[in-house]
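Input: a single structure, listed below in structure tokens.
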Amino acid sequence: MTDEPLRIGVTQRVSVIEEYGERRDCLDQAWISLLQELGYTPVPLPNRIAPENVRSYLTRLSIDGVILTGGNDIVGHTDPETPAPARDAFEQAVLDVAVETGLSVVGVCRGLELLNVYFGGDLSAVSDHVDVSHEISFAETNGLSIPETITVNSYHNWGINQDDVAAELTVGGIAPDETVECLFHPSLPIWGIMWHPERHSPSARVDQQILRYVFESDE
């Protein structure tokens, strides 16, 4: 009998559809393709699960790891153009579970920003990081064998200055403007990257290495 594929929960951005008076959870289909390519079972996660119910919800779904995806500004730590307070609360509750249980988490773009905020860091506005590619250099990788420098895509208006990194997190990768593009927790399977592995990534091989490292290290 073969082992069951890892079940990876994927959080979703909130989009407001004024025409219908709806707030919708939305997920780029590219995430599903990427996770299936890696041999995982993707499980989209809704944002309106009450924080106090998140742990039991993830348990019922047999979630092995979670990706905190991009989209939406974080309320209270940015000047939000696309606020989603229910999403903030849900994803923070997911991180509570991860810290308590060792659940594996990868934060992408907003997900990295949320990790830094959750652990006590801060955010700052950045420029020239939307719809461009640039290099990042790795200072630390927590034992993961990847190149010292890679080229990544970039789609964010908020970033992390090195002075604003949460004390509990370690700086992994740095952009040419010295902002932080990769963080990880030194003792928990929690990583964050600022670039998007699901969007025609020039760093696709390294992206897959990172995802496998975080989600499969304890397998």
Side-chain angles (χ1 to χ4, degrees), residues 11 13-14 51 66-100 103-144 146 148-197 199 201 203 206-207 210 213-214:
T11 67
R13 74 172 64 221
V14 175
V66 172
I67 292 176
L68 307 176
T69 64
N72 299 121
D73 296 325
I74 299 171
V75 177
H77 291 271
T78 64
D79 183 14
E81 295 181 2
T82 56
R87 180 182 182 183
D88 293 347
F90 173 73
E91 292 186 345
Q92 288 165 355
V94 169
L95 290 174
D96 287 340
V97 174
V99 170
E100 293 168 6
L103 180 71
S104 299
V105 174
V106 174
V108 172
C109 197
R110 167 203 154 92
L112 168 60
E113 296 167 12
L114 185 74
L115 286 175
N116 194 51
V117 168
Y118 176 87
F119 285 104
D122 206 352
L123 307 175
S124 297
V126 296
S127 58
D128 301 321
H129 277 269
V130 177
D131 199 16
V132 298
S133 295
H134 61 75
E135 289 188 344
I136 67 164
S137 300
F138 286 100
E140 298 286 346
T141 63
N142 205 28
L144 176 60
I146 53 179
E148 293 182 0
T149 302
I150 62 173
T151 299
V152 299
N153 58 37
S154 187
Y155 296 94
H156 57 98
N157 288 307
W158 294 93
I160 303 168
N161 293 323
Q162 294 185 52
D163 291 342
D164 292 330
V165 172
E168 287 189 58
L169 300 178
T170 299
V171 175
I174 300 171
D177 64 1
E178 300 297 320
T179 57
V180 175
E181 298 247 337
C182 175
L183 291 170
F184 60 83
H185 195 286
S187 59
L188 295 171
I190 297 176
W191 276 58
I193 59 176
M194 194 61 87
W195 62 96
H196 288 254
R199 292 185 182 176
S201 174
S203 55
V206 172
D207 300 346
I210 291 172
Y213 178 78
V214 177

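What you see is a predicted model, and the numbers here were worked out from it, not measured in a lab.
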Side-chain touch [X]/[Y], heavy atoms, less than 4.5 angstrom:
X    : Y    : answer
V108 : P197 : yes
Y118 : D96  : yes
W191 : N142 : yes
E168 : F119 : yes
H134 : V152 : yes
L68  : V66  : yes

Might you point out which heavy atoms bring [X] and [Y] nearest each other, and give the distance in Å?
X    : Y    : result
H77  : D122 : ND1-OD1, 4.1 Å
I210 : L144 : CG1-CD2, 3.7 Å
A84  : V75  : N-CG2, 4.1 Å
N72  : V14  : OD1-N, 2.7 Å
I160 : E113 : CD1-CA, 4.5 Å
F138 : C182 : CE2-SG, 4.1 Å

So, taking the atom named [atom1] in [X] and the one named [atom2] in [Y], what distance separates them when rounded to the nearest 0.5 Å?
X    : Y    : atom1 : atom2 : result
S104 : L188 : OG    : CG    : 9.5 Å
E135 : I150 : CD    : CD1   : 9.5 Å
S203 : I193 : OG    : CD1   : 7.0 Å
D163 : S124 : CG    : OG    : 9.5 Å
E181 : S154 : CD    : OG    : 5.5 Å

Are any side-chain N or O atoms of [X] and backbone N or O atoms of [Y], one a donor and one an acceptor, separated by less than 3.5 Å?
X    : Y    : result
R87  : G71  : yes
Y155 : C109 : no
T69  : T11  : yes
N116 : D164 : yes

Which residues pass the salt bridge (Lys or Arg N to Asp or Glu O under 4.0 Å) test with E81, sequence neighbours left out?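 Scan of E81 (salt bridge (Lys or Arg N to Asp or Glu O under 4.0 Å), adjacent residues dropped) gives none.
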
Under the rule for salt bridge (Lys or Arg N to Asp or Glu O under 4.0 Å), what residues qualify as partners of R110, not counting sequence neighbours?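 If we apply the salt bridge (Lys or Arg N to Asp or Glu O under 4.0 Å) test to R110, skipping adjacent residues, the hits are D88, E91.
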
Apply the side chain to side chain contact (heavy atoms under 4.5 Å, CB included) test between T179 and each candidate in H129, M194, Q162; give the one that qualifies.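 One option only clears the test, and that one is H129.
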
Sort out for me which residue in L115, L112, T170 forms a side chain to side chain contact (heavy atoms under 4.5 Å, CB included) with L183.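 Among L115, L112, T170, the one meeting side chain to side chain contact (heavy atoms under 4.5 Å, CB included) with L183 is L112.
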
Are S133 and N153 linked by a side-chain donor-acceptor pair shorter than 3.5 Å?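 Not at all, the side chains of S133 and N153 share no donor-acceptor pair under 3.5 Å.
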
Tell me yes or no: between the side chains of W195 and D207, is some donor less than 3.5 Å from an acceptor?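 Yes, side-chain donor-acceptor contact under 3.5 Å.
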
Which is it for I136 and I174 under the side chain to side chain contact (heavy atoms under 4.5 Å, CB included) test, yes or no, and what are the steps along the way? CA-CA 5 Å; I136 67 164; I174 300 171; over 6 Å; no

For side chain to side chain contact (heavy atoms under 4.5 Å, CB included), just list the numbers for N161 and V180, CA-CA rounded to whole Å, side-chain angles, deciding distance to a tenth of an Å, and then say yes or no. CA-CA 6 Å; N161 293 323; V180 175; over 6 Å; no

Are Q92 and L114 close enough, and set up right, to give a side chain to side chain contact (heavy atoms under 4.5 Å, CB included), and what steps lead you there? CA-CA 8 Å; Q92 288 165 355; L114 185 74; 4.1 Å; yes

T82 vs D73, test: side chain to side chain contact (heavy atoms under 4.5 Å, CB included). Steps then yes/no. CA-CA 6 Å; T82 56; D73 296 325; 3.9 Å; yes

